[in-house]
Amino acid sequence: MPDTLPLSIQLSWLIPLYGFSGMVLSLPWATGWIKRNGPRPAAYLNLLVTLLAVLHGSLVLRAVLALGPQHLDIAWFAAADLDLRIGFDLSLTNLAALELVTFMSLVGQVFALGYLDKEWSLARFYALVGFFEGAMAGVVLSSNLFMSYFLLEMLTLSTYLLVGFWYAQPLVVTAARDAFLTKRVGDVLLLMGVVTLSAWAGSLEFNDLYAWSAHQTLPALGATLLGLGLIAGPMGKCAQFPMHLWLDEAMEGPNPASILRNSVVVTCGAVVLLKVMPLLLISPVAIDVLLAVGTISALGGALVAISQVDLKRACSYSTTSYLGLVFVAIALQQPFIALLLLFSHALAKAVLFMSVGSVIATTNCQDLTELGGLGSRMPATTTGFLVGAAGLTGLLPLGCFWSFGLMVEGLSSRAPFFAAVVLLTNGLTALNFTRVYRQVFLGSPHPKTRRAPEVNWLMALPMVTVAVLVLVTPLVMIRIDRVPGIGAFSSVTALALVGSGLGGLLAGSLVPLDTFWSRSVRQPLRVLQDLLAFDFYTDRIYRATIVAFVAGLARITNGFDQLVVNGLVNRIADVSMASAESLKLGVSGRLQTYVFTVVAAIVLLVSSLAWLGS
C-alpha cells in the first residue's frame with residue numbers, strides 16, 4: 001500500500017469493521033450483562049459508529065474523485081505457500097454503493113429508535129443491524145469473489161436472525177427458516193462456481209478473472225454450469241424467481257429491518273452480479289436464463305403485488321419486480337442503467353417502507369381492508385408514501401423516470417420485447433401504489449385509524465430526510481453524463497413512459513375497493529384473484545414437487561436405515577447373545593483354560609496371516 005495515499009484511503013479497510021464493532025459494543029446489553037441503564041446505550045453506540053462509517057466513506061469518495069480509483073491489497077495470513085490477502089476496490093461505483101449502504105443503515109437505525117421504542121430486546125436488534133451493515137459494506141468494497149461469497153453468507157445469516165427477531169411467534173420462526181434455506185440454495189450453487197473458478201483460473205480476484213475469461217475457451221457444458229452457478233447466489237439475494245418467496249415471508253420481521261432488506265440488501269446482491277457480469281459472457285445459456293428470470297420476476301412480482309391485502313407484502317413484491325428489471329439490464333450488458341435503477345429504487349423504496357412502518361406503528365394493523373382515512377391524520381407519512389411511490393414510477397421526473405427512460409430508449413431498437421416489459425412493469429406498479437394509497441390514506445376512517453396520530457419525530461425525521469433525497473435525485477443524476485438532460489431519450493420514449501404510468505394511475509383509481517368485493521363472486525375473476533394472491537401457487541407447487549421429492553427420499557433412506565442397517569446390526573447382536581447364552585453353560589471357571597484358549601487363537605491368527613503373506 002503506497003504511503004503517499006491519503007490516510008482516509010489507507011484506512012478504508014476499517015469501514016466494514018465499523019458495523020461489526022457496533023455489534024460487539026451492543027453485546028453487553030444484548031446478553032443482559034448490563035441491565036441498569038436499559039438497552040438504549042447500545043443503540044446510541046451503533047448510531048455513532050455508523051455515522052463514523054458514513055463520514056469515513058465520504059472522505060474516501062472525495063479522495064478517489066481527486067486521485068482516481070484505488071486498489072488496496074492487505075495480507076492477513078501467510079504460512080508456507082499459503083498466502084491469503086484481502087482486497088478492496090475503491091472505485092466510484094463501489095464507494096457510491098458504500099455510501100448508500102451506510103447512510104441507509106444510519107437512517108434506518110434512527111427510525112428504529114422510534115419504531116421499537118418499547119422493545120425489550122432493542123440491544124439485540126442493533127447488534128444484528130451492525131452485523132448486517134458490516135457484511136453489506138464488505139460486499140460492495142470486496143475485490144475478491146471468495147470474500148464476496150463469504151460476506152454474502154454473513155448476509156444470509158443476518159437475514160435469518162433479523163427475520164426471526166420475534167422468535168416467540170411460530171410464524172416468525174417458519175419465515176426465518178424458509179428465508180435461510182431459500183438463500184442457502186443460491187449460496188451453495190454460487191460456492192460451486194467459486195470453487196470451479198479457483199481451480200480453472202487460479203485466482204479469485206475480479207481483475208484476474210476478467211483477464212482469464214477474455215482469453216479462455218471452455219467446454220459448452222462447463223461454461224453453462226459455471227454461469228448458472230454465478231447467477232444463482234445473486235438470484236437468491238435479490239429475491240428473483242424461483243427463489244423469491246423468502247422476501248415475502250421476511251416481512252414477518254421488524255419493519256426497520258425490512259427498510260434495509262428492500263432497499264440496500266437486494267442492492268448488494270445486484271452489485272455482486274454486476275461484478276461477475278464480464279464472466280457471464282462465456283455462457284450464452286446463463287445470459288438467456290438471466291433474461292428469463294428477470295422478465296418473469298418483473299412481471300410476476302408486479303402482478304402479484306396488485307392482489308395483496310397485506311400492506312408490507314403489497315410493497316415488497318415490487319422489490320422483486322424492480323430487481324427483475326435490473327437483472328434484464330445486466331443480462332443485456334447495460335451496467336450504467338442497472339446502477340441508476342438500483343440507486344433510484346433504493347432511496348424510493350426506503351422512504352416507502354418508512355411510511356408503511358409509520359402506519360403499522362400507529363394503527364398496529366397492516367391489513368388494507370381495515371385501514372383508511374389516514375391522509376388527514378398523518379400528513380408526513382402520507383407525503384412520504386406519495387414521494388416514494390412517485391419515485392418508483394415514471395409519473396414524475398424523479399429517479400426511476402430517467403432510469404426507465406434510458407432503459408426503454410436503449411432497448412426499443414435492439415430488444416423491443418424487453419422495452420415493453422419495462423413499460424408494463426411501470427404501469428402495474430403505478431396501479432398497485434394507487435390502489436394502496438386509496439385504501440390506506442383516502443376514504444372514511446376505520447375503527448383502527450379513527451384516532452391515529454402522526455408518528456414521533458424519531459420516525460418522521462429520517463422519513464422526511466430520505467423523501468427530500470428522492471426529490472433531489474435528478475439533481476444528483478444531472479452530474480452524470482446524459483442523465484437527466486436534453487436528449488437523454490426521445491420524446492416518443494418519454495410519452496410512452498408517462499403513458500404507462502398514467503394508465504396504471506387511472507386503473508388504480510377506478511378499481512373497486514369495497515371490502516366485501518375483495519373476493520369476487522364471479523368464478524373466473526375469483527380464480528384469477530386467487531392465482532395472483534397466492535403467488536401463482538408457487539409454494540404449493542414447491543410442496544408438491546421439490547419438497548415431496550425430498551421428503552420421499554428421506555422416507556426411503558430412513559426405511560433403509562431402519563430395515564437394513566439396524567436390522568443387520570440387531571441380527572448380529574442376537575446371534576452374539578445366543579452364542580453367549582450357549583457358551584455360558586460350558587464355563588469351567590478355570591482361568592488358565594481361558595488364557596490358553598486366547599493365546600492359541602492369537603497364534604492361529606498370526607500363522608494364517610504369515611502363510612497368506614508368503
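When a residue number appears, it is its place in the shown sequence, counting from 1.
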Task: Nearest-0.5 Å distance that lies between atom CG in L374 and atom NZ in K448 - done: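 Spacing of CG (L374) from NZ (K448) equals 12.5 Å.
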- [ ] Sequence neighbours left out, what passes ring-ring contact (aromatic ring centres under 6.0 Å, His included) with F385? Give chain and number order.
- [x]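 Checked F385 against ring-ring contact (aromatic ring centres under 6.0 Å, His included); matches are F441.
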TODO: Return yes if some donor-acceptor pair links the side-chain N/O of N255 with the main-chain N/O of F353 below 3.5 Å, else return no.
DONE: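 Yes, N255 side chain to F353 backbone: donor-acceptor pair under 3.5 Å.
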Task: Student check: side-chain heavy atoms of H345 and L323 closer than 4.5 Å - done: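 Yes, side chains in contact.
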Open item on the list: Using the salt bridge (Lys or Arg N to Asp or Glu O under 4.0 Å) criterion, which residues pair with E249? Sequence neighbours excluded.
Closed with: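 Not a single residue meets the salt bridge (Lys or Arg N to Asp or Glu O under 4.0 Å) criterion with E249.
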Task: Under 3.5 Å: donor-acceptor pair, side chain of W246, backbone of G236 - done: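 Here the side-chain-to-backbone pair exists.
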Open item on the list: Below 30° counts as parallel, above 60° as perpendicular, anything between as tilted: where do the rings of H244 and F241 land?
Closed with: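 Answer is tilted, since the angle falls between 30° and 60°.
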- [ ] Run the numbers on L505 and L502 for side-chain contact (heavy atoms from CB on, under 4.5 Å), then give the verdict.
- [x] CA-CA 5 Å; L505 177 62; L502 290 177; 4.3 Å; yes
Task: N/O donor-acceptor pair under 3.5 Å between Q439 side chain and L368 backbone - done: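 Pair found, side chain donor or acceptor close to backbone of L368.
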Task: Backbone of L341 reached by a side-chain donor or acceptor of S344 within 3.5 Å - done: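 Judged by distance alone, no pair lies under 3.5 Å.
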Task: Distance-minimising heavy-atom pair for G504 and T434 - done: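 Result for this residue pair: O-OG1, 4.4 Å.
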Open item on the list: What verdict does the side-chain contact (heavy atoms from CB on, under 4.5 Å) test give for C365 and L371, after you've listed the backbone C-alpha separation in whole Å, the side-chain angles of each residue and the deciding distance to 0.1 Å?
Closed with: CA-CA 8 Å; C365 174; L371 297 172; 4.1 Å; yes
Task: Distance-minimising heavy-atom pair for M235 and F327 - done: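 That would be CG-CE2, 3.7 Å.
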Task: Considering all heavy atoms, the nearest P234-V272 contact - done: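 Heavy-atom minimum between the residues: CG-CG1, 4.4 Å.
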Open item on the list: Rounded at 0.5 Å granularity, tell me how far CG in L352 sits from OG in S318.
Closed with: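 The CG atom of L352 sits 6.5 Å away from the OG atom of S318.
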- [ ] Please confirm whether the backbone N or O of F20 pairs with a side-chain atom of E133, one donor and one acceptor, at under 3.5 Å?
- [x]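 No; zero donor-acceptor contacts below 3.5 Å.
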Open item on the list: Is any side-chain heavy atom of V101 closer than 4.5 Å to one of C268?
Closed with: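 Yes, their side chains come closer than 4.5 Å.
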Open item on the list: Just so I know, are the side chains of T449 and R377 near enough to count as touching, which here means a heavy-atom distance under 4.5 Å?
Closed with: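 Side chain of T449 against side chain of R377, heavy atoms only: no contact under 4.5 Å found.
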Open item on the list: According to ring-ring contact (aromatic ring centres under 6.0 Å, His included), who are the partners of F165, at least two apart in sequence or on a separate chain?
Closed with: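 Result, ring-ring contact (aromatic ring centres under 6.0 Å, His included) vs F165: F125.
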Open item on the list: Test your reading of the model: is there a side-chain donor-acceptor pair from Y115 to the backbone of M459, 3.5 Å cut-off?
Closed with: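 Here the side-chain-to-backbone pair does not exist.
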TODO: List for me each residue that meets ring-ring contact (aromatic ring centres under 6.0 Å, His included) alongside F433, sequence neighbours excluded, and say none if there are none.
DONE: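 Expected list: none.
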Open item on the list: If I take atom CZ from residue R62 and atom CG from residue L65, how far apart are they, to the nearest 0.5 angstrom?
Closed with: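 The CZ atom of R62 sits 9.5 Å away from the CG atom of L65.
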- [ ] May I have the step-by-step check of side-chain contact (heavy atoms from CB on, under 4.5 Å) for L92 and L61, ending in yes or no?
- [x] CA-CA 7 Å; L92 293 179; L61 180 59; 4.0 Å; yes
- [ ] For the residue pair V129 and T50, establish whether any side-chain heavy-atom pair is separated by less than 4.5 Å.
- [x]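 No, too far: nothing below the 4.5 Å cut-off.
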Open item on the list: So T362 and P453, do their side chains get closer than 4.5 Å, heavy atoms only?
Closed with: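 Side-chain contact under 4.5 Å: yes.
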- [ ] Please tell me if the side chains of T381 and E454 come closer than 4.5 Å, counting only heavy atoms from C-beta onward.
- [x]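 Yes, side chains in contact.
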Open item on the list: Tell me if a side-chain donor or acceptor on T156 pairs with a main-chain N or O of L152 at a distance below 3.5 Å.
Closed with: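 Checking the backbone N and O of L152 against the side chain of T156, a donor-acceptor pair under 3.5 Å is found.
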TODO: Mind checking the CG-SG spacing from N432 to C315? Nearest 0.5 Å is all I need.
DONE: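 Spacing of CG (N432) from SG (C315) equals 7.0 Å.
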TODO: First locate atom CG of L157, then atom NZ of K183, and finally report the distance between them rounded to the nearest 0.5 Å.
DONE: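 If we round to the nearest 0.5 Å, L157:CG and K183:NZ are 10.5 Å apart.
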Open item on the list: Do R124 and L161 have side chains that approach each other closer than 4.5 Å (heavy atoms only, starting at C-beta)?
Closed with: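 Not touching, per the 4.5 Å side-chain cut-off.
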Open item on the list: Show the nearest heavy-atom pair for residues G405 and T493, with the distance to one decimal.
Closed with: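 Shortest heavy-atom contact: O-CG2, 3.5 Å.
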Task: Test salt bridge (Lys or Arg N to Asp or Glu O under 4.0 Å) applied to K237 - qualifying residues, sequence neighbours left out - done: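 Partners of K237 by the salt bridge (Lys or Arg N to Asp or Glu O under 4.0 Å) criterion, ordered by chain and then number, come out as D187.
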- [ ] Would you name the heavy atoms of V49 and S21 that are closest together and state the gap between them?
- [x]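 What the structure gives for the nearest pair is CG1-OG, 3.9 Å.
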Open item on the list: Is there a side-chain contact between N46 and L25 in this structure, where contact means two heavy atoms from C-beta onward sitting under 4.5 Å apart?
Closed with: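 Result no, sub-4.5 Å side-chain heavy-atom pair not found.
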- [ ] Go through the side-chain N and O atoms of E99 and S58 and say whether any donor and acceptor fall under 3.5 Å apart.
- [x]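 Side-chain D/A pair, E99 to S58: absent.
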Task: Separation between OH of Y18 and CG of L48, rounded to the nearest 0.5 Å - done: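 Taking OH in Y18 and CG in L48, the distance rounds to 10.0 Å.
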Open item on the list: Please find the pair of heavy atoms, one from A250 and one from R261, that lie closest to each other, and give the distance.
Closed with: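 That would be O-NH1, 3.5 Å.
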Task: R313 backbone acceptor or donor facing S316 side chain under 3.5 Å - done: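 Judged by distance alone, yes, a pair lies under 3.5 Å.
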Task: Verdict with reasoning, M354 to V455, per side-chain contact (heavy atoms from CB on, under 4.5 Å) - done: CA-CA 11 Å; M354 288 182 186; V455 293; over 6 Å; no
Open item on the list: The criterion is ring-ring contact (aromatic ring centres under 6.0 Å, His included); which residues satisfy it with F343, sequence neighbours excluded?
Closed with: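 With sequence neighbours excluded, F343 shows a ring-ring contact (aromatic ring centres under 6.0 Å, His included) to no residue whatsoever.
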Task: S158 side chain to L155 backbone, donor-acceptor under 3.5 Å - done: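 Yes; judged by distance alone, with no hydrogens or angles, the pair exists.
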